[in-house]
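A short write-up of the structure that comes next.
What you see is a predicted model, and the numbers here were worked out from it, not measured in a lab. Per chain, numbering begins at 1; letters A, B, ... match sequence-line order.
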Number of protein chains: 2
Amino acid sequence: MSGAPRNPADGGAAGRSIWTRPQRGARGPAPTHSRDEIAAAAVALADADGLGAVSMRAVAGALGMAAPSLYRHLSSRDDLLDLMVDRCVGELRPYPTDDGTWQDRFLLLARRQLALHRRHPWLPDAIARPTVPGPNTLAHFDACLRLLQPVRAGVAAKFEAIAMVTGVVSLFARSAAAAGTVTFDHVDLAAYPHLAAAFAEPPSAPPDQDLFERTLRSLLTGLLTTDHP
Amino acid sequence: MSGAPRNPADGGAAGRSIWTRPQRGARGPAPTHSRDEIAAAAVALADADGLGAVSMRAVAGALGMAAPSLYRHLSSRDDLLDLMVDRCVGELRPYPTDDGTWQDRFLLLARRQLALHRRHPWLPDAIARPTVPGPNTLAHFDACLRLLQPVRAGVAAKFEAIAMVTGVVSLFARSAAAAGTVTFDHVDLAAYPHLAAAFAEPPSAPPDQDLFERTLRSLLTGLLTTDHP
DNA sequence: CGAAACCGCGAACGCTGTTTGCAGTTTACA
DNA sequence: TGTAAACTGCAAACAGCGTTCGCGGTTTCG
């Protein structure tokens, strides 16, 4: 009979993502936990035991609340992941400004991204998903575009380059974490001569220490340098 | 009382992965479905509705059987994903042999990988996970190493390069599928001047058509060419 | 003061991967 | 050939998941 009490997390017709929704209503009691507390708890869980450990019940439990209460703040688990990603992207601050060429500056930012992925190995899995960018993500894109201002290239090319660099950073992070990597233990290599020969060789020195820098430099110049005027 | 009837999918102490386990036991009735049929059904489901649609019940249902029956062939869902991945990697055959430099040949293989990812957009998600390589995956690695035979570089560097190329291929596939990409619709860009300026610009021409080739060539030479003797 | 809006949550729904126990079938061995 | 072992397929069930519903208590607005 009473007017439909809508969940504020649903938002009106206007508030479709978390970022366009108020953190709390103006009427009822104060929420016992803020959006930041929720994001922090979820990130801590993911850092400790991977993204699979971030269940609504687990996050709620870590904050001493019941699972359905989370839906007062989030409209879905995807919202939670968006919150986590944006919170971590905020750790990229402050953005490089001063020294060197634009490539040096961009590489510095890439190194910060690499460190971020090392700190939060679940990040690629959380980003591999249609994501609504939060304020920190927007600020990061803005900083990237600012760094690329001296580059004479179209906007589309710049976005492509940014996405590619981000992707390569996650590739390096993955290979370092040895996750998602095939292991050749206990495999019969008799039918694969080149593989067998490769493993018969004495273990060669690991690749160049500055492989990261060389890869990204060649990628940036390849992507953002056009050879036809 | 009777001796413990062990599930053959569990394997003995020796058979830990699918690939080291017999497709069927030597004693009982013939299975109504083969390993290949199961993999094919799962791949079809994933191609149609994404990896999330590949549930044990759905795969079993597509083959007209009940869910628990699948565990006569697979010891877990991860086994199923391993089967799917290896089945798709088999589509990369035949491997390049004849024409051009080693870079040309490797690039041809990369193009085949790109087409493969376009056909099976769920592949990156299925590979992002500790995977046991099947025969097709081993053959693919073997072919890669064969193509890289003229290259004077350590084995570790070659594996790094192969993994990186595979990763970049999946990045290109992703950007083409526009999945896992942030969208800037309905976002207030007032606080982000460079982003706002980028979107205010007339839409620039899309990046170079042969971006894929240029990127991979610069990556390969960057990764596998050492400038200190 | 009353009404509206909001917070937290117990209970429940449909889904998931997986295990158990049993009936029926085929093969190997004595 | 007879019998025991091994195998297949499945109904039922379990724990966990994301999510929804509806209620009682709390805060704020008009």
Side-chain angles (χ1 to χ4, degrees), chain A residues 1-12 15 21-35 37-38 42 45-46 49-84 129, chain B residues 1-12 15 21-35 37-38 42 45-46 49-84 129:
Chain A
M1 294 295 180
S2 61
R6 278 195 271 91
N7 189 327
D10 293 346
R21 245 177 287 136
Q23 292 222 21
R24 56 158 299 190
R27 207 66 76 93
T32 54
H33 296 286
S34 72
R35 207 176 264 182
E37 284 178 280
I38 295 175
L45 248 60
D49 296 316
L51 206 57
V54 182
S55 71
M56 304 299 271
R57 286 171 174 84
V59 173
L63 276 77
M65 57 200 296
S69 308
L70 279 182
Y71 289 85
R72 293 285 163 193
H73 306 262
L74 320 162
S75 69
S76 73
R77 185 173 184 264
D78 275 3
D79 273 7
L80 179 60
L81 296 183
D82 285 351
L83 239 56
M84 293 168 67
R129 179 181 59 90
Chain B
M1 292 292 184
S2 62
R6 278 195 271 92
N7 187 328
D10 294 347
R21 245 177 288 135
Q23 292 222 23
R24 57 159 297 190
R27 207 66 75 93
T32 52
H33 296 286
S34 71
R35 208 176 263 180
E37 284 178 278
I38 296 176
L45 250 59
D49 296 317
L51 206 56
V54 182
S55 72
M56 304 299 271
R57 284 170 175 84
V59 173
L63 278 92
M65 57 201 293
S69 308
L70 279 182
Y71 289 85
R72 293 287 166 195
H73 307 261
L74 320 163
S75 69
S76 73
R77 185 173 184 263
D78 275 4
D79 274 7
L80 178 60
L81 296 183
D82 285 350
L83 239 56
M84 296 168 65
R129 178 181 59 89

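- Evaluation of the side-chain contact (heavy atoms from CB on, under 4.5 Å) rule for A:Arg35 yields A:Ile18, A:Arg21, A:Gln23, A:Leu83 as partners, not counting sequence neighbours.
- Taking atom CD on A:Gln23 and atom C1' on C:dC6, their separation rounds to 16 Å, with Å as the unit.
- Under the side-chain contact (heavy atoms from CB on, under 4.5 Å) criterion, A:Pro68 pairs with A:Ala66, sequence neighbours left out.
- Atom pair A:Arg27:CZ and D:dT28:C1' shows a separation of 6 Å (rounding to whole Å applied).
- As rounded to whole Å, 12 Å separates atom P of D:dT20 from atom CG of A:Leu74.
- Rounding to the nearest 0.5 Å places CE of B:Met56 at 8.5 Å from CD1 of B:Ile38.
- Applying the side-chain contact (heavy atoms from CB on, under 4.5 Å) criterion to B:Glu37, with sequence neighbours excluded, gives B:His33, B:Ser34, B:Leu63.
- Residue whose closest nucleotide on DNA chain C sits further toward the 5' end, between B:Arg24 and A:Ala26: A:Ala26.
- Between A:Arg21 atom CZ and C:dC7 atom P there is a gap of 12 Å when expressed in whole angstrom units.
- Take A:Asp49 and apply the salt bridge (Lys or Arg N to Asp or Glu O under 4.0 Å) test, not counting sequence neighbours, and it matches no residue.
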For this session: Summarise protein proximity over nucleotides 8-18 of chain C in one line of letters, 5' to 3': B for base, S for sugar-phosphate only, - for none, counting protein heavy atoms closer than 4.0 Å.
Result: BBBBB---BBB
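- Partners of A:Ser76 by side-chain contact (heavy atoms from CB on, under 4.5 Å), not counting sequence neighbours, listed by chain and number: A:Asp78, A:Asp79.
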